[in-house]
Enquirer: 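Take this structure first; my questions come after.
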Amino acid sequence: MPPREHLLKIGVAGIRGVVGEFLTPSLACSFAQAFGTYVGGGRVVVGRDTRASGEMLMHAVACGLLAAGCEVVDTGILPTPTIQMYVAATRAQGGIAVTASHNPPEYNALKLFNAQGLFFNTYERAELLDLYHQSDFRQAPNEEMRRVITDYESAPKLHFGKVLAHVDAERIRQRKFRVALDAVNGAGAVTTPGFLLDTLNCDLEAISVDPTKPFPREAEPRPEVLGEIAELVRRCHRDIGFAQDPDGDRLAVIDETGFVLDNDDVLALAVDAALRRLPGDVVVNLTTSSVIDDVASAHGRRVYRTPVGEANVVETMQAVNAVIGGEGSNGGIIFPAVHLCRDSYTGMAFLLDRMAETGEKISTLAGRLPKYFRRYGKVAFQHGRLGPLMQSLEARFPAALKDRSDGLKLLLPEGWIHVRASNTEPLLRVAAEAKSEQQVEKLYGEVLTLFG
Amino acid sequence: MAGEAVKSLRISQVGLRGVVGGGLTAAHVLDFASAFGTFLEPGKAVIIGRDPRASGIMIREGVVAGLLACGRNVIDLGIAPTPVIQHTIRRMDAAGGISIGASHNAAEWNALKFFGRNAIYLSTAEANELLDIYHLKKFSFVEWNEIGKLRKEANALDPYLDELAEVFDFNTLRGFRVVVDCCSGTSALILRRMNERFGFSFILINEKMQGVAFAHEPATNKDMVGLQLAPLMQPLGADAGFLFDADSDRVAFATEDGTPVSEEMVLPLLADYQLPRGEGKLIITNVSTTALVDEIASRHGGEVVRVAVGRQAAIDALSIYRPEQIALAGEGTGAIMMPQFRFVYDGIVSMLAVLSMMRERGRKLSEIIGAYPKYSILKGQVPLVTHRMPALLAALRETYADGCASVVDGLRVDWPDRWFHVRVSQTEPVVRIISERRGDAPRELHDAVIEQVRSFA
């Protein structure tokens, strides 16, 4: 039997699926009405990325929110972090971003935020899901109906202002960096050129900045799909290249030679920049590289590890009052002094700021990081097999330190192995890291052999 | 009250209608819009608009989402009178349209009215198909890259007025001093524009559109005309006064001397205007409408076709005849369709027809009305006991066996000078009783029928 495709997923993370037969306007409307009921009416911000289904779902969401007696603020096409900051700044009761982030264009999803523009915690998310399933929605009568207000202008200004407070913007502006951008025709197409050109005074070469066009490449900015921007960096002699995902929370970075930096290294550079400025510890997920531990310990800070998923990282960051965090392999940088969310704009500003401060090339800054070798892979998942697999893995490495908070992570003297079930696809994700190429191949190979 | 709870939502061939939040929810709207998007012939756009009710925005959002998801391009006219929505469907050669608004119902209600190609209300067969799709909940949602687009259309009003200006002689009509009670509804949009663009001098009251509290009940009847409009006629020196419902498809009026006229008079008056004008000789109305219309029809060699009460029966009757056979279709509620406007219920058109008649005949409105023979109508209602209705109707038929009976809708019994009609309301849990006589009111007959109805309650 072929593995089931997750064409629709309704769970504690919200609602996500292939638009049309699976993710229908009725489902989006009901989920929004449950959300409106849960936040108790008041003002709710709605924004979206550029997906073709975004406008349709935005109207379905607005319908559900209005039906629950909420006032809807439509911010149009915006990056998810921008929406989150706008929610926090505008006395809204919550926010909904219509975006499937890095998923393919046929997908869409609702990301739900509380009054602070943050993900709901685990317990709140479970409560909201129960409310949805009970269909026990607030049904506002005519006299309690509110309107849809539009505000397309103020959110990006707010967002950029917050980012600039944490870098030396004048120093960046004076350098007039030669930058390349690939906004994947996503929400960044609307906001990022202005950020780089006007706010940071860069000399910009941009591709895929038409929000009316479909995604020209795979939505997730993995190195394999960033050939065009890498070529642009080389051809136009750029100092650095940035690639976003469709909702502008994830960032990939290309150095001046056209090499796509490892996302863990990008996070490490951002962590280093943050720790130079502010006190506090670091939170990353279990699959993030040990390079973060090295950078943190150089500053005398501690690293907390969490299960994979932005919401998990954010929850721990809040609990330990972390100064920075993120998910290495996903290209997510979370800097709570700007906002407790994944934000590609903070990442761009931090890297340009470090380049301006040090006068060094981005490849030089990245090259100075401790070198690790990583392997990522996935194995088709079969129900009932996970337990025996984990046990055989433990038996194979009896001396390893074990972390069972998300699948199984084995910490060995030469590196680590992390195996977990994907939250979004019927897969097991396998990651291994070590100090040398041979060591990582050996670790990774042993896992695959065990999984046969 | 249990009865009212039952009727706070109605899903029928006429569409979707209910008290927002109480019976009518966002989920109903989404499903109905998706069903309509599935039902329509593919390819062309869908026109939507709404009346000023506050809940109209929520419903608009749901309608847009459902239609876009079915791959329909949507053109939103915003707050717009129903006749303007229908005109735009034809003008843009759209696949159909939806008017969001509960017309003459109170503000807490809302409804979806569906129009097919050519802006005509759905026939019973079409409406049944739409209902089947709705109940089956198997909608033709398209792939992500075929989802429709939304566009707003700011000026649908002027092309509509252009068409009115072709049929009516605005030059001779704009001199009338006319007072209009807009009842916080969409008629103000049209009338203000007619003042601006064509130099009419409509004096508007209750012209500010309201979403929650209408100036008064938005019904077009004699009582509502008497409330604010009729008392203004003499002080303002007006030639006529008109009252519109929230979405401008119904009208009632007052004469220049300040007399509120029964809503029953709109149809006979327009029949008198319309029958001599064209070859169409048929008047389609329902079994509850005044017999004055028969008398006027026979003066002009016309014929009255009586169908069941409600829009659906009238729409189906229209489809039986060729358009040129028909002079007029309408109800005693002030909702009238004319062939010049391709059979759209349009209060503005009805008003312009009345004004044209005054101009052509050079008579005051009170003189025109006063020249008709007097018919007196009595209306009553009794709480409904559904399961005894068949026995009640059989008993009434037995009691009044000397009259001519019609069972098109409940029971109507006719004598040469009088008639009564007993039927179950489609909107409230009551039995409606209407009696009429040429001359004085048939009080005895009416009371006797009501008493017999009550004995079954």
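Remember, it's a predicted structure, so these values are computed and weren't measured experimentally. To find a chain, count down the sequence lines: A is the first, B the second, and so on, and within it residues start at 1.
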Enquirer: Could you check whether N105(B) and R17(B), counting side-chain N and O atoms only, form a donor-acceptor pair closer than 3.5 Å?
Expert: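 Yes, side-chain donor-acceptor contact under 3.5 Å.
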
Enquirer: Most heavy-atom pairs under 4.5 angstrom with chain A, which of G66(B), G71(B), G21(B), G211(B)?
Expert: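 That would be G21(B).
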
Enquirer: At a heavy-atom separation under 4.5 Å, does Q33(A) approach chain B through its side chain, its backbone, both, or neither?
Expert: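 Just the side chain, heavy atoms under 4.5 Å.
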
Enquirer: Is A60(A) close to chain B through its backbone or its side chain, or both, or neither, when contacts mean heavy atoms under 4.5 Å?
Expert: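 Backbone plus side chain of A60(A), per the 4.5 Å heavy-atom cut-off to chain B.
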
Enquirer: Sort out for me which of A68(A), P105(A), P141(A) touches chain B most, counting heavy-atom pairs under 4.5 Å.
Expert: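 Ranked by contacts with chain B, first place is P105(A).
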
Enquirer: Hey, which of R147(A), E143(A), R146(A), E55(A) has the most heavy atom pairs under 4.5 Å with chain B?
Expert: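 The candidate making the most pairs under 4.5 Å is E55(A).
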
Enquirer: Give the member of M56(A), E21(A), M58(A) that has the highest number of heavy-atom pairs under 4.5 Å with chain B.
Expert: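 That would be M56(A).
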
Enquirer: May I ask you to establish whether K113(B) and F115(B) are in a cation-pi arrangement, using a distance under 6.0 Å from NZ or CZ to the six-membered ring centre and at most 45° from the ring axis?
Expert: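 No; the conditions do not both hold, so K113(B) does not lie above the ring face of F115(B).
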
Enquirer: May I ask you to name which of A28(A), A67(A), P214(A), S135(A) has the most heavy-atom pairs under 4.5 Å with chain B?
Expert: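 Ranked by contacts with chain B, first place is A67(A).
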
Enquirer: If we ignore hydrogens and angles and just use 3.5 Å, is the side chain of D245(B) paired with the main-chain N or O of R250(B) as donor and acceptor?
Expert: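 Side chain of D245(B) to backbone of R250(B), a donor-acceptor pair under 3.5 Å: yes, one is there.
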
Enquirer: Is it the backbone or the side chain of L68(B) that comes under 4.5 Å from a heavy atom of chain A, or both, or neither?
Expert: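 Its backbone and side chain both get close to chain A.
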
Enquirer: Who wins among G64(A), G69(A), C63(A) for the most heavy-atom pairs under 4.5 Å with chain B?
Expert: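 Heavy-atom pair counts peak at C63(A).
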
Enquirer: Can you spot which of V44(A), V148(A), V45(A), V73(A) makes a side-chain contact (heavy atoms from CB on, under 4.5 Å) with L65(A)?
Expert: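 Looking at V44(A), V148(A), V45(A), V73(A), the match for L65(A) under the side-chain contact (heavy atoms from CB on, under 4.5 Å) is V44(A).
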
Enquirer: If you count heavy-atom pairs under 4.5 Å with chain B, which of H59(A), M145(A), Q139(A) comes out on top?
Expert: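 Among the listed options, the one with the most contacts to chain B is H59(A).
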
Enquirer: Counting distance only, does the side-chain N/O of R51(A) pair as donor-acceptor with the main-chain N or O of P104(A) below 3.5 Å?
Expert: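 Yes; judged by distance alone, with no hydrogens or angles, the pair exists.
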
Enquirer: Search all heavy atoms of D245(A) against all heavy atoms of R250(A) and return the closest pair with its distance.
Expert: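 Heavy atoms of D245(A) and R250(A) come nearest at OD1-N, 3.3 Å.
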
Enquirer: Quick test of your reading of the model: are R311(B) and D249(B) salt-bridged, counting only N-O distances below 4.0 Å?
Expert: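 Not counted as a salt bridge, because no side-chain N and carboxylate O are separated by less than 4.0 Å.
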
